[in-house]
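Please read all numbers here as calculations on a predicted model, not as lab measurements. The basis for the numbers below is simple: all heavy atoms, side chains too, and nothing from hydrogens, waters or symmetry mates. Sequential numbering from 1 along the given sequence is applied to the chain's residues.
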Amino acid sequence: MNAEQLTKFIEAIAALIQALGWPLLVLFLAIYFGAPLKKFLSDVGEFTFKAGASGLEATAKRQQIEAAALLGAASATKPNESSGSKMPPDEEKAKEIANVISQSVKPNSLRRLAEASVLWVDDNPTNNLYERKSLEALGIHFTLSLSTEDALEKLRSYKYDVIISDMGRPSDKQAGYTLLAEKQRLGDKTPYIIYAGSSLPEHKVEARQKGAIGSTNNPQELFQLVLGAIQSD
């Protein structure tokens, strides 16, 4: 890190502390430095930080910080839909993700999240590792399924709070809609989310028309959709 980068880094930290406080600072550092903070994030339980003459004070729980850091990692590994390239995280992205966490995670709902179970259907589950871990950090449990047939079998024997599905799988380019139609035929009313390669308006409209509660390729929007569905039941 050269002098100019260090100056910008310090300015960004100062701005973030002033804007949203300690939880955002931790998130910002986690996005920038990732692995070196892993032990810190695993050891810290609940902490308080005070700074400045104004006595800035905030308390944050480990699971919310971990969720934010992992959501930042998910966002950093997804290519930009318009350019196709991966965008490095910056202070604006950190602020955006912190807002998602603060708006989506209701303090009195952590127990409910810890009881929630999500079925995630994707033939390449490693593609969504950080997204899944960001939600697992809040206590949400996941069952993974690699195919439409296996997912339907699981739905016949277990009740889930949310179903997430990709779109195309081998031999079926619209497998996400195939599964949605089949679960509806079974009378299953579990909230259904498409997490695929597009966030185009027409695809969002089509997904809702077919009965999904949302369709996106954005990790933060997925996070909001999942938590919204769980916390509203």
Side-chain angles (χ1 to χ4, degrees), residues 66-67 70-79 81 86 100 104-105 109 112-233:
E66 289 179 344
L70 289 160
L71 190 57
S75 297
T77 58
K78 294 298 179 184
E81 190 167 13
K86 296 177 181 178
V100 168
S104 302
V105 182
S109 68
R112 173 69 188 96
L113 295 177
E115 297 171 347
S117 180
V118 176
L119 176 64
W120 197 321
V121 190
D122 193 311
D123 57 317
N124 289 298
T126 55
N127 290 344
N128 312 307
L129 178 63
Y130 290 122
E131 291 93 326
R132 189 169 71 251
K133 285 187 173 296
S134 72
L135 292 161
E136 285 178 335
L138 298 175
I140 299 172
H141 302 277
F142 282 87
T143 297
L144 303 183
S145 180
L146 304 180
S147 69
T148 299
E149 294 74 18
D150 178 70
L152 289 170
E153 187 63 32
K154 286 179 167 60
L155 285 173
R156 291 187 182 98
S157 57
Y158 193 83
K159 173 66 177 176
Y160 298 93
D161 295 280
V162 179
I163 301 168
I164 304 170
S165 176
D166 62 348
M167 181 55 76
R169 293 190 283 275
S171 76
D172 187 355
K173 293 182 178 180
Q174 291 206 318
Y177 288 153
T178 300
L179 175 58
L180 176 56
E182 284 299 309
K183 93 171 191 69
Q184 290 170 334
R185 188 179 63 81
L186 293 173
D188 186 291
K189 299 184 183 301
T190 307
Y192 191 93
I193 301 166
I194 297 288
Y195 190 58
S198 171
S199 278
L200 293 175
E202 55 266 37
H203 292 156
K204 291 176 178 291
V205 170
E206 181 181 25
R208 288 194 294 269
Q209 289 176 338
K210 290 181 179 293
I213 64 169
S215 176
T216 186
N217 68 348
N218 184 298
Q220 297 165 59
E221 187 176 357
L222 175 69
F223 189 92
Q224 291 173 307
L225 285 168
V226 172
L227 265 64
I230 293 172
Q231 293 174 144
S232 65
D233 65 6

Student: Do you know the tightest heavy-atom contact between Leu225 and Gly214?
Tutor: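 Heavy atoms only, the tightest pair is CD1-CA, 4.2 Å.
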Student: Name all pairs fulfilling the salt bridge (Lys or Arg N to Asp or Glu O under 4.0 Å) condition that reach into residues 140-151, sequence neighbours left out, sorted by first residue then second.
Tutor: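 Sorted result for residues 140-151: Asp150-Lys154.
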Student: Search all heavy atoms of Gly211 against all heavy atoms of Gln184 and return the closest pair with its distance.
Tutor: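 Shortest heavy-atom separation between Gly211 and Gln184 comes out as CA-NE2, 3.6 Å.
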Student: Would you compute the distance between atom OG1 of Thr178 and atom CE of Met167 and round it to the nearest 0.5 angstrom?
Tutor: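 So the gap between those two atoms works out to 9.0 Å.
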Student: For the side chain of Thr148 and the backbone of Leu179, is there at least one donor-acceptor N/O pair under 3.5 Å apart?
Tutor: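 Here the side-chain-to-backbone pair does not exist.
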Student: Nearest 0.5 Å, please: how far is CD in Glu131 from CD in Gln220?
Tutor: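 It comes to 10.5 Å.
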Student: Measure the shortest side-chain to side-chain distance between Arg169 and Leu146 over non-hydrogen atoms and say whether it is less than 4.5 angstrom.
Tutor: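 The answer is no, as the side chains (C-beta and beyond) never meet within the 4.5 Å cut-off.
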Student: My understanding is that only residues two or more places apart in sequence, or in another chain, count here; which of them pass ring-ring contact (aromatic ring centres under 6.0 Å, His included) with Tyr177?
Tutor: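 For Tyr177 there are no ring-ring contact (aromatic ring centres under 6.0 Å, His included) partners, ignoring immediate neighbours.
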Student: Only pairs at least two apart or in different chains count here, so list each salt bridge (Lys or Arg N to Asp or Glu O under 4.0 Å) that has a residue in residues 171-180.
Tutor: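 Matches after skipping sequence neighbours: none remain.
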Student: Do you know the tightest heavy-atom contact between Pro125 and Leu144?
Tutor: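 The pair with the smallest heavy-atom distance is CB-CD1, 4.1 Å.
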Student: Give me the one residue out of Lys183, Glu182, Arg156 that meets side-chain contact (heavy atoms from CB on, under 4.5 Å) with Asp188.
Tutor: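 Option passing the side-chain contact (heavy atoms from CB on, under 4.5 Å) with Asp188: Lys183.
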Student: Does the side chain of Ile164 reach to within under 4.5 Å of the side chain of Asn128, using non-hydrogen atoms?
Tutor: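 No; the side chains remain at least 4.5 Å from each other.
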Student: Report yes if some heavy atom in the side chain of Gln224 is under 4.5 Å from a heavy atom in the side chain of Asn218; otherwise report no.
Tutor: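 The answer is no; the side chains never approach within 4.5 Å.
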Student: A side-chain contact here means heavy atoms from C-beta on lying under 4.5 Å apart; do Val118 and Leu135 qualify?
Tutor: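 The answer is no; the side chains never approach within 4.5 Å.
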Student: Tyr195 vs Trp120 aromatic rings, parallel, tilted or perpendicular, using cut-offs 30° and 60°?
Tutor: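 Ring orientation, 0 to 90° scale: perpendicular.
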Student: To the nearest 0.5 Å, what is the distance between CD1 (Ile194) and CD1 (Ile163)?
Tutor: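 Answer rounded to 0.5 Å: 10.0 Å.
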Student: Under the salt bridge (Lys or Arg N to Asp or Glu O under 4.0 Å) rule, what pairs show up with a residue in residues 114-127, not counting sequence neighbours?
Tutor: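 Every pair satisfying salt bridge (Lys or Arg N to Asp or Glu O under 4.0 Å) with a residue in residues 114-127: there are none.
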Student: Heavy atoms, side chains only, cut-off 4.5 Å: are Leu227 and Ile140 in contact?
Tutor: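 With C-beta onward as the side chain, the pair touches.
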Student: Can you give me the closest heavy-atom contact between Ala151 and Ser145, atom names plus distance?
Tutor: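 Nearest heavy atoms, Ala151 then Ser145: N-OG, 3.1 Å.
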Student: Kindly check if the number of other-residue, nucleotide or ligand heavy atoms within 6.0 Å of NZ (Lys189) is above 12?
Tutor: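 Counting neighbours around NZ of Lys189, 12 or fewer heavy atoms of other residues, nucleotides or ligands fall under 6.0 Å, so no.
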Student: For residues 203-219, which residue pairs pass the salt bridge (Lys or Arg N to Asp or Glu O under 4.0 Å) check, not counting sequence neighbours?
Tutor: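 Only Lys204-Glu221 qualify under salt bridge (Lys or Arg N to Asp or Glu O under 4.0 Å).
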Student: What pairs of residues pass the ring-ring contact (aromatic ring centres under 6.0 Å, His included) test when at least one of them lies in residues 146-174, not counting sequence neighbours?
Tutor: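 Qualifying pairs: Tyr158-Tyr160.
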Student: Counting distance only, does the side-chain N/O of Tyr192 pair as donor-acceptor with the main-chain N or O of Gly176 below 3.5 Å?
Tutor: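 Flag set: sc Tyr192 to bb Gly176 pair under 3.5 Å.
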Student: With rounding to the nearest 0.5 angstrom, report the CG to OG distance, Asp161 to Ser232.
Tutor: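 Asp161 CG to Ser232 OG: 10.0 Å, rounded to 0.5 Å.
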Student: Measure the CG-OG distance between Leu180 and Ser215 for me, rounded to the nearest 0.5 Å.
Tutor: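 The CG atom of Leu180 sits 10.5 Å away from the OG atom of Ser215.
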Student: Minimum heavy-atom separation for Ile230 to Ala116, with atom names?
Tutor: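 Looks like CD1-CB, 3.6 Å.
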Student: Compare every heavy atom of Val162 with every heavy atom of Ala229, then report the nearest pair and how far apart it is.
Tutor: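 Taking Ala229 first and Val162 second, the nearest heavy atoms are CB-CG2, 3.8 Å.
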Student: Donor-acceptor pair, Gln231 side chain versus Ser104 backbone, under 3.5 Å?
Tutor: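 Answer holds: yes.
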